Student: 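Here's a structure for you.
No hydrogens, no waters, no symmetry mates; every other heavy atom, side chains included, goes into these values. The structure displayed is predicted, hence computed values, not measured ones.
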Amino acid sequence: ENLFTAPEVSSAEIKLLQVMGWRACAVTYLSFLAVHLNQGVLFPEDRMDEGLLETASAYLPRLHKFAYFFADSCLLESRFCSYPTSLVAAAMLAAARHTL
């Protein structure tokens with residue numbers, strides 16, 4: 001049955017949030033990656049295939065594929081956890097753009 005009272009649960013939640021520094025919602029590199037991919041990371045001045053990028057739509061599916069490939073690769077390497085998530089996401093985007 002009920003092992004804890006509502007005040008006990010509330011008190012435990014407060015202690016947990018204090019230990020976590022009140023950061024109940026952590027922003028991951030996937031959050032940053034999604035924001036940047038949705039805002040656009042290809043520009044008309046970009047050079048692709050020895051020429052200027054005329055239309056980003058032709059390259060977007062490949063860019064997304066490469067960006068999430070690098071994201072999956074980062075899951076396998078625990079050392080990436082020591083870097084800020086925004087930096088890891090920026091590196092993923094740079095690598096994906098370079099791979100195009």
Side-chain angles (χ1 to χ4, degrees):
E1 297 188 26
N2 296 334
L3 299 176
F4 301 99
T5 65
E8 289 172 328
V9 172
S10 294
S11 176
E13 288 176 344
I14 295 292
K15 287 178 185 175
L16 179 64
L17 287 170
Q18 287 172 339
V19 168
M20 293 177 11
W22 294 90
R23 294 185 338 166
C25 181
V27 179
T28 67
Y29 58 84
L30 290 175
S31 304
F32 283 103
L33 193 61
V35 167
H36 289 296
L37 286 173
N38 287 330
Q39 289 183 349
V41 292
L42 293 177
F43 307 98
E45 304 83 30
D46 289 342
R47 293 194 171 275
M48 303 282 180
D49 300 328
E50 302 298 324
L52 290 175
L53 176 67
E54 294 177 10
T55 174
S57 61
Y59 292 96
L60 280 177
R62 285 178 36 205
L63 178 78
H64 283 241
K65 181 177 105 178
F66 287 131
Y68 283 105
F69 167 77
F70 290 121
D72 289 341
S73 298
C74 284
L75 287 174
L76 303 175
E77 290 290 333
S78 61
R79 64 181 169 202
F80 286 109
C81 292
S82 65
Y83 298 101
T85 55
S86 57
L87 181 65
V88 175
M92 289 175 199
L93 288 173
R97 285 175 46 89
H98 181 73
T99 305
L100 286 178

Student: Answer with yes or no whether the hydrophobic clustering places W22 together with L16; edges join I, L, V, M, F, W, Y residues whose side-chain heavy atoms lie under 4.5 Å apart.
Tutor: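 In one cluster with W22: L16, yes.
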Student: Could you give the distance from CG (L30) to CG (L75), rounded to the nearest 0.5 Å?
Tutor: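 L30 atom CG to L75 atom CG measures 7.0 Å (nearest 0.5 Å).
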Student: Would you sort out whether F70 and C74 count as a side-chain contact (heavy atoms from CB on, under 4.5 Å), showing the intermediate values?
Tutor: CA-CA 6 Å; F70 290 121; C74 284; 5.5 Å; no
Student: Any chain of hydrophobic side-chain contacts (each under 4.5 Å) joining V9 to L17?
Tutor: no
Student: According to side-chain hydrogen bond (donor to acceptor under 3.5 Å, both in side chains), who are the partners of E8, at least two apart in sequence or on a separate chain?
Tutor: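 Scan of E8 (side-chain hydrogen bond (donor to acceptor under 3.5 Å, both in side chains), adjacent residues dropped) gives T5.
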Student: If you define the side chain from C-beta out and look only at heavy atoms, does anything of L37 sit under 4.5 Å from L93?
Tutor: yes
Student: Is a donor on one side and an acceptor on the other found under 3.5 Å between the side chain of S11 and the backbone of P7?
Tutor: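 No; judged by distance alone, with no hydrogens or angles, the pair does not exist.
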Student: In Å, rounded to the nearest 0.5 Å, how long is the span from OG of S82 to CD of E77?
Tutor: 11.0 Å
Student: Out of curiosity, D72 CG to M92 CE, how far, rounded to the nearest 0.5 Å?
Tutor: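 One gets 9.0 Å once the value is rounded to the nearest 0.5 Å.
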Student: Hey, any chance V35 and V41 share a hydrophobic cluster, counting ILVMFWY side chains that come within less than 4.5 Å of each other, even indirectly?
Tutor: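 Cluster IDs for V35 and V41 differ.
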Student: Please write out which residues are connected to F32 in a hydrophobic cluster, directly or through intermediates, given that two of Ile, Leu, Val, Met, Phe, Trp, Tyr count as joined at side-chain heavy-atom separations below 4.5 angstrom.
Tutor: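 Hydrophobic cluster check, F32: joined to V27.
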Student: Side-chain heavy atoms nearer than 4.5 Å, only ILVMFWY residues, links allowed to pass through others: does that put M20 and I14 together?
Tutor: yes
Student: Please name the pair of heavy atoms, one in Y29 and one in A71, separated by the smallest distance, quoted to 0.1 Å.
Tutor: OH-O, 3.3 Å
Student: Grab the two heavy atoms, one from A67 and one from L33, that are nearest each other, plus how far apart they are.
Tutor: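 What the structure gives for the nearest pair is O-CD2, 4.0 Å.
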